[in-house]
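Here is how names work: the chains are called A, B, and so on, in the same order as the sequence lines, proteins then strands, and each is numbered from 1.
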Amino acid sequence: MARSSTQRQTRVGPATPPARRAGTLDVDALLDDPKTGIIVCCGSGGVGKTTTSAALALRAAERGRKVVVLTIDPARRLAQSMGIAELDNTPRPVTGVQGDGSLDAMMLDMKRTFDEVVISQASPEKAKQILANPFYIALSSSFAGTQEYMAMEKLGQLHRDSRAAGTYDLIVVDTPPSRSALDFLDSPERLSSFLDGKFVRLMMAPAKGPAKLMSAGFGLIVNAMTKILGAQFLKDLQTFVTALDTVFGGFRQRAQQTYSLLKADGTAFLVVAAPEPDALREAEYFVERLSEDGMPLAGLVINRASPEPTGALSADEAMTAAARLRQQDAGSLTAGLLRLHGDRVRMVQREGMLRDRFATAHPQVATVVVPALAGDVHDLDGLRTVGTLLAQG
Amino acid sequence: MSDWSKVRLHIVSGKGGTGKSTVASALALALAGKGKNVLLCEVEGRQGIARMFDVDPLPYVERRLTTGLPDEDGGRGVVHALHIDAESALLEYLSMYYRLGRAGKALDRFGVIEFATTIAPGVRDVLLTGKVYEAVERNSRNKGAITYDHVVLDAPPTGRICQFLNVSNELAGLAKVGPIKAQSDTMMTLFRSPRTAVHLVTVLEEMPVQETIDGIAELRANRLPVGGVIVNLARPQDLTADDLAAARTGSLDQARIEKDLAAGGLAVTPTLVEDLVAEAADHAERRALEDSQRELVAKLDVPSYELPRMAGGIDIGGLYELAAHLRAQGMA
């Protein structure tokens, strides 16, 4: 036989390739690193993003850092326990934090943040005109990308302010549960590309320059839109766009600043998911998008994992035995216990398989798995528990 | 007899992560009894239906998806699917109502379509709901279109549902007159009528249940018809109330379990009984939390339905199984 036997080979046929994976995410190392200045948690809705951000922020604070956490839509009781039940767009100190660090928390007020940007960028007169425009009111409170943009705008503000005053050394941001991953990553550029849009530029043209800019095609459009939407719609839109034009440069500049801030070394993105196909698929989008844009991805948090069964009994064995017992006694307690065990083993196996597949596709992503808690988290003790679980990996 | 036999438009909402797309699909299967045509629509651009039913991504065309859950005598209807995107809806709308000719093309060229569908607030929602409205009421200009017995909409989550459906409100202040305004008012008439029901999906956890309670209040405040509450992912109920209580206090009869395990043909190892009892205690704690949330759902004064959590995940067969649960409980 030609094969040398320095390494004895007993296997014939394919085997799983050796895993070269980033392994477990070291949360404490991330939180303790003084270079970590911003942590952005992103992921689809319902995966426990807000709780994860709050737990990370609390843990960092109790490990000595000066932290502010920016949340989007926390559960009421959690918000109350952190003292941010009121939406006032200002960080408020959280009481009950142990140790030398500090923790402030704030809930994002989308409209207010938008208003503040306008006020800071436009002359008082222009600002007043913009704020009163029906188009602005609708845009600032319901525009699909506004929440994403404003979360990033507020992050930029907090970062600038805390740099200047030394208030915080770590900002933890919770992101809106975006319909698609792209919304959130695109948003820093989005408002400016809105103002850059062909249509918007045409809308501005008549007010700015000679009428000859109005091509025949554009006239047709205006007619069509007037027919469908009514003349007032276009008039309001035009006023709005023209007014915004004055603050346009400022918007653009800020958006770009925030974008480079996100890209900088001090930022760490954490993708949060649940061990479900949909949530992991969203997580995949995030991971891919973040790497495409060269955003610093720190790792993946898989929340709500089913607790590992304690026993070694296999699901099939348990189910078979349960069926046998049920035949004799339909209400058998032991059969019930065995079925629960079998159910649990199956859940854990399925989740394990989903996680494995994700890890195979994205071996570079360090991961931490957080087991589901029996109850909801609505106080600092609960957040502390989540923090411990995050750190244990 | 179904609880919602008068309802033509079933809107399925719920907190993110509770499984509203799964429930909407199962409901469509359950509604498609003998001779029935059901349309399942999605509007969020996620192609969830295609994934769930393992078909190619859906276009902006009504397409036969599958057959419904069979009746007792084996009769079954047809489920169609439609993926609604705002851009296509706008173009269809324009060609249905306006002979725009050159202007239609110009709209696209000048980026108006993109502008209107991605940026202009409210307009997007109006276009999406407008197509849903058309599928229910069928416009006479849409020649040869199927008339559906039921339309099921996999809708945006609870936090956005009222804003999404309240189209005339969204447009208020923007388009005060004109055909769009008139049409959004007509749409509201359907959405507020007994022919529509907004169902909310939840799981038995504090936050989703609270969101459901708030959602119902908000729907009522907006005069939108509240449908049923579907409790999804309920844990298996293999233990009796007495056994659960015993499991919580750690007083399960271990000697008896050991005897049963042997009788069931298992090799009883020293830790096996302890492990099972420990798992039972954990399960009992979760069940107690679920039960307290279930009581809150029961107090809601709307019909509720319950779907089990499937340990192996949801595949197409699983959707039919869930559909059977919904039908057996009178939802369809």
### Query
Taking side chain as C-beta onward, heavy atoms only, is A:His341 less than 4.5 Å from B:His283?
no

### Task
Side chain from CB out, backbone as N, CA, C, O: work out which of these in B:Asp242 comes under 4.5 Å of a heavy atom of chain A, or both, or neither.
neither

### Task
Determine whether B:Arg256 and A:Leu333 make a side-chain contact, defined as any pair of heavy atoms from C-beta on separated by less than 4.5 Å.
yes

### Message
If I measure from the heavy atoms of chain A, does B:Leu252 come under 4.5 Å with its side chain, its backbone, both, or neither?
### Response
side chain

### Message
Report which part of A:Leu354 has an atom under 4.5 Å of a heavy atom belonging to chain B: side chain, backbone, both, or neither.
### Response
neither

### Task
Go through the atoms of B:Gln210 and report whether side chain, backbone, both or neither lie under 4.5 Å from a heavy atom of chain A.
side chain

### Query
What part of B:Glu285 lies closer than 4.5 angstrom to a heavy atom of chain A: side chain, backbone, both or neither?
side chain

### Query
Could you go step by step and tell me if A:Leu313 and B:Asp275 meet the side chain to side chain contact (heavy atoms under 4.5 Å, CB included) rule?
CA-CA 10 Å; A:Leu313 191 65; B:Asp275 290 342; over 6 Å; no

### Query
Looking at B:Arg309 and A:Asp343, does any basic side-chain N land under 4.0 Å from a carboxylate oxygen?
yes

### Task
Below 4.5 Å from any heavy atom of chain B, which atoms of A:Leu325 appear? Answer side chain, backbone, both or neither.
side chain

### Task
Could you look at B:Leu289 and say if it's the side chain, the backbone, both or neither that has a heavy atom under 4.5 Å from chain A?
side chain

#### Entry: Contact class of A:Leu337 relative to chain B, heavy atoms under 4.5 angstrom
both

## Note on the structure
Whatever's closer than 4.5 Å to a heavy atom in chain B on A:Ala323 counts as neither

### Task
Check whether any side-chain heavy atom of B:Arg286 sits under 4.5 Å from a side-chain heavy atom of A:Pro307, and report yes or no.
yes

### Task
Using a cut-off of under 4.5 Å on heavy-atom pairs, state which of B:Gly16, B:Gly159, B:Ala311 scores highest against chain A.
B:Ala311

#### Entry: 4.5 Å side-chain heavy-atom contact, A:Arg326 and B:Asp238
yes

### Query
With a 4.5 angstrom heavy-atom cut-off, which part of B:Ile257 approaches chain A: side chain, backbone, both or neither?
both

### Query
Looking only at heavy atoms, what is the nearest atom pair of B:Arg51 and A:Asp278, with distance?
NE-OD1, 4.5 Å

### Summary
Of B:Ile314, B:Thr269, B:Leu276, the largest count of non-hydrogen pairs under 4.5 angstrom with chain A goes to B:Leu276

### Message
With a 4.0 Å cut-off on N to O distance, would you call B:Asp260 and A:Arg324 a salt bridge?
### Response
no

### Message
If I measure from the heavy atoms of chain B, does A:Pro277 come under 4.5 Å with its side chain, its backbone, both, or neither?
### Response
neither

### Task
Check whether any side-chain heavy atom of B:Met207 sits under 4.5 Å from a side-chain heavy atom of A:His378, and report yes or no.
no

### Query
Distance from B:Glu279 atom CD to A:Glu308 atom CD, nearest 0.5 Å?
10.5 Å

### Task
Specify which of A:Glu276, A:Arg281, A:Glu351, A:Glu317 makes the most heavy-atom pairs with chain B at under 4.5 Å.
A:Arg281

### Task
For chain A, find which of B:Asp253, B:Val273, B:Asp282 contributes the most heavy-atom pairs closer than 4.5 angstrom.
B:Asp282

